[in-house]
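Note: hydrogens, waters and symmetry copies are ignored here, and every other heavy atom, side chains too, is used. Atoms within each ligand, like the ligands themselves, are counted from 1 in listed order. These figures come from a predicted structure and were not determined experimentally.
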Amino acid sequence: MSYDPNNIFAKILRGELPCVKLYEDDHTLAFMDIMPQAEGHVLVLPKAPSESLLDADPAVFGPLFATVQRLAKAVKDGMGADGITVTQFNGPAAGQTVFHLHVHIIPRWEGVALRRHSGTMENADVLKANAAKIMAAL
Ligand code: AMP
């Protein structure tokens with residue numbers, strides 16, 4: 001498989017599709033996951049095109065994980081989470097559904113199970129309310 005420049009995240013990066021944006025710099029973009037596995041589920045993308053971790057230029061990982069750390073702290077503080085799960089899927093067999101490298105930041109609370117991956121579409125007002133909490137902690 002080769003990188004499809006019309007995948008959903010490439011379109012979001014080009015501004016052709018909307019997202020509930022949290023943070024952007026020269027190398028990365030962070031926004032709310034539209035089918036969250038928990039309240040406050042965030043995605044972080046490098047702007048550089050690659051399908052997954054496996055074909056990425058290693059130069060993307062420094063800026064990418066700097067943003068992942070920054071957002072993970074803001075998600076934990078803003079959402080009042082007990083912990084943070086970070087996940088990243090490579091290939092359909094691993095559960096990847098969008099083929100532009102991205103990292104999931106998922107807040108966790110003691111005793112609360114994760115919802116299904118790519119399960120239910122969240123209400124836009126809920127996404128925006130959670131985004132406001134996270135951005136207040138950025
Ligand atoms: P993955 O299975 O790691 O490729 O995850 C793709 C993630 O992107 C899933 O968690 C989806 O809920 C999420 N997603 C799909 N489309 C959109 C979109 N338009 N905006 C925000 N998140 C999305």
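- Side-chain atoms of K47 come within 3.5 Å of backbone N or O of D25 as a donor-acceptor pair.
- Within the 3.5 Å criterion, the main-chain N or O of S52 finds no donor-acceptor partner in the side chain of N90.
- Distance alone, capped at 3.5 Å, places no donor-acceptor pair between the D57 side chain and the V60 backbone.
- Listed by chain and number, residues touching ligand 1 at under 4.0 Å (heavy atoms only) are I8, F9, I12, F31, M32, D33, I34, M35, L43, F89, G95, Q96, T97, V98, H102, H104, H117, S118.
- Here H100 and Y3 bring their ring centres to under 6.0 angstrom of each other.
- Without hydrogens or angle criteria, E16 side chain to N6 main chain gives no donor-acceptor distance under 3.5 Å.
- Looking at Q37, its side chain does come within 3.5 Å of a backbone N or O of R115 through a donor-acceptor pair.
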